[in-house]
Amino acid sequence: MSEKKKPLLGFVGKHPSGTGIGNAGKTHCPSCMGLFKAPRLLPCLHTVCTTCLEQLEPFSVVDIRGGDSDTSSEGSIFQELKPRGLQPQTGILCPVCDAQVDLPTGGVKALTIDHLAMNDVMLENLRGEGQGLVCDLCSDREVEKRCQTCKANLCHFCCQAHRRQKKTTYHTMVDIKDLKGYSQIGKAILCPAHPAEELRLFCELCDQPVCRDCVVGEHREHPCDFTSNVIHKHGDSVRELLKGTQPHVEALEEALAQIKETNSALQQRVEAVAADIRTFSENYVKAIEEHRDKLLKQLEDIRVQKENSLQLQKAQLEQLLADMRTGVEFTEHLLTSGSDVEILITKGVVVERLTKLNQVEYSAHPRVNDKICFSPQEKAGRCRGYEVYGAINTKEVDPAKYLHRAREKQTASFTLLCRDAAGESMGRGGDNIQVAVVPKDKKDSPVRTVVQDNKDGTYCVSYTPKEPGVYTVLVCVKEQHVRGSPFTVTVRKRHRSHPGVFHCCTFCSSGGQKTARCACGGTMPGGYLGCGHGHKGHPGRPHWSCCGKFTEKSECTWTGGQNAARSLLRTVAL
């Protein structure tokens, strides 16, 4: 096995522009925002410092893929396949994209080291944008020279010692200042199993770089070759994969450009339509404002009439109340503070006054009511060429106010109020009331109705619809339809009970089960798929686990399967 001298993909050379390629995106950790320190490459191709990854809170997940995992690591990816089934595994979330990262056996430190990022950090330090380079040997003094053979950065003292040794006497030494325009000055990559050996070989069977000691050890009899001999084959396979990926990038960019263009056209169209709406609405508003002024004047006249009556009644009641309070306060004070003799002396005057007050007749109800109805759907003629709606009516109550949405197979009811021509309550019953409730799609199957005369001018109408749907309600008094008749009532399905539990949080109600979920969408760190007090998504008060409603006695609005699938990235919060 001999190493063929072919051009390397990662050769040391100058950048075409003469400047380094390092920038904040390649040299700074997205988590701590500082220069990379022992950067690790995640499966989502984001690079993060080892220390930052170790500070993330791990969670347990269930791996149903068996032993075939795509997690990148320094170790072999050809691991002994485990039986397929549920396997506990530790994972973290990428701090950049929230992608799930399944940690290998060795934890964070077993993830792939991003040597390219380390090279960019070294370049930035070399250009004076970082904290400066220190000697690779003594780790104390500032770097002055670089050994191109050993790929080591040396201070002046270590450089002199390097030249005095026989093995390194003829190594090529370059002034560190002359390397500022280079695109790569990375250190030699050493074997993690044999730190003294450089990774110069590649094991085809294990699909990983190895050193000389690895070849004679655990990789004995494995097909191995120098990295310079196999880089082109593997590099070409990566290029082919990249070639298939790049069209997707172009397609996505084109899709985003089309979305931007469509959004721009949408905005222009919206502005044009908005101008038409403003022109129409400005003229319509003027007509409505004129009609409004007429209605308000009519309303003011009604108010003055009713208020005068109320003020007179108010003055009479206030005077009576003042007399009542005086009598009550004096009597209470007499009974609590007076002596026996004092009570007996004033008893006659007090009894006479209280008796007279108790005999005063007064109405506990206002002489006039507040029944002023505005019917916005009632046509009110034309104004400025526009048809306007809305009329004030004080002579009858719209029965539609008392029509409620009914439910199938449950008795529903509404109240009909009859008033005279002056708008006052009839105060008696006996009118001929006819009510019909008919399904719109089954007009030949009317629902049985019951009309109860309350003998005070009101009538209670009840009915029990058999099926959900839209019903027409016809109300007639003395064979004349009341205003608004026929009405429309929507009959809904019967009350749906909750299949879940009304709890404070999923952690408490499930006894700490990690797989238990909640409709509120809350999650807890550590892989808990349900909500917990004080954690992300928890609504802060008791709620139903099935639909998330806060009212215990309510109808369930939950739809869908009991085990509706949800992304792990959306149910695990760090």
Side-chain angles (χ1 to χ4, degrees), residues 4 6-31 33 36 39-49 53 65 68-74 76-78 91-102 104 111-124 181-186 189 199 202-204 206-209 225-266 567-570:
K4 298 178 182 180
K6 294 182 180 180
L8 300 179
L9 292 180
F11 64 91
V12 176
K14 287 193 175 184
H15 194 268
S17 63
T19 60
I21 61 174
N23 54 49
K26 297 180 180 179
T27 59
H28 288 71
C29 174
S31 181
M33 305 307 294
F36 282 122
R40 301 285 174 173
L41 183 63
L42 305 181
C44 56
L45 300 186
H46 288 124
T47 303
V48 184
C49 294
L53 292 176
R65 299 171 297 182
D68 188 8
S69 174
D70 62 351
T71 302
S72 301
S73 66
E74 290 289 328
S76 171
I77 67 170
F78 288 89
I92 57 177
L93 294 183
C94 172
V96 179
C97 66
D98 278 345
Q100 178 181 332
V101 179
D102 297 335
L111 294 171
T112 302
I113 297 177
D114 191 345
H115 294 283
L116 190 60
M118 295 176 65
N119 177 79
D120 292 336
V121 171
M122 191 176 300
L123 282 172
E124 184 163 325
Y182 281 73
S183 61
Q184 280 195 354
I185 58 170
I189 302 177
L199 295 174
F202 187 81
C203 177
E204 295 286 355
C206 300
D207 194 30
Q208 70 175 54
D225 199 352
F226 285 100
T227 55
S228 59
N229 296 337
V230 300
I231 185 61
H232 295 282
K233 179 182 71 172
H234 292 279
D236 290 341
S237 65
V238 175
R239 289 191 187 92
E240 286 298 321
L241 189 59
L242 177 62
K243 186 177 179 181
T245 306
Q246 286 174 334
H248 294 294
V249 175
E250 296 174 357
L252 290 172
E253 290 176 345
E254 183 178 355
L256 290 173
Q258 292 178 356
I259 291 176
K260 182 178 180 180
E261 182 179 353
T262 303
N263 185 62
S264 177
L266 174 64
S567 169
L568 179 63
L569 298 181
R570 297 295 176 262

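Here CG of Asp102 is found 10.5 Å from CG of Leu111. Values are rounded to the nearest 0.5 Å. Here the straight-line distance linking atom NE2 of His232 with atom OG1 of Thr227 works out to 10.0 Å at 0.5 Å rounding. Of the inter-residue distances, the one linking Glu204 atom CD with His234 atom NE2 reads 4.0 Å to the nearest 0.5 angstrom. Note that CD1 of Ile113 and CG of Leu41 are 11.0 Å apart. Values are rounded to the nearest 0.5 Å. Here Gln246 contributes atom CD and Leu241 contributes atom CG; the two are 10.5 Å apart, rounded to the nearest 0.5 Å.
Considering only heavy atoms from C-beta on, Asp236 comes within 4.5 Å of Arg239 through its side chain. Counting heavy atoms from C-beta on, the side chains of Ile92 and Leu53 come closer than 4.5 Å. Using a 4.5 Å heavy-atom cutoff, the side chains of His46 and Pro30 are not in contact.
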Next item on the list: Start with the C-alpha distance between Asp114 and Arg40, add both sets of side-chain angles, then the distance that settles side chain to side chain contact (heavy atoms under 4.5 Å, CB included), and finish with yes or no.
Entry: CA-CA 5 Å; Asp114 191 345; Arg40 301 285 174 173; over 6 Å; no
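Leu266 meets the side-chain contact (heavy atoms from CB on, under 4.5 Å) test with Asn263, Val270; sequence neighbours excluded.
A donor-acceptor contact shorter than 3.5 Å is absent between the side chain of Ser264 and the backbone of Lys260.
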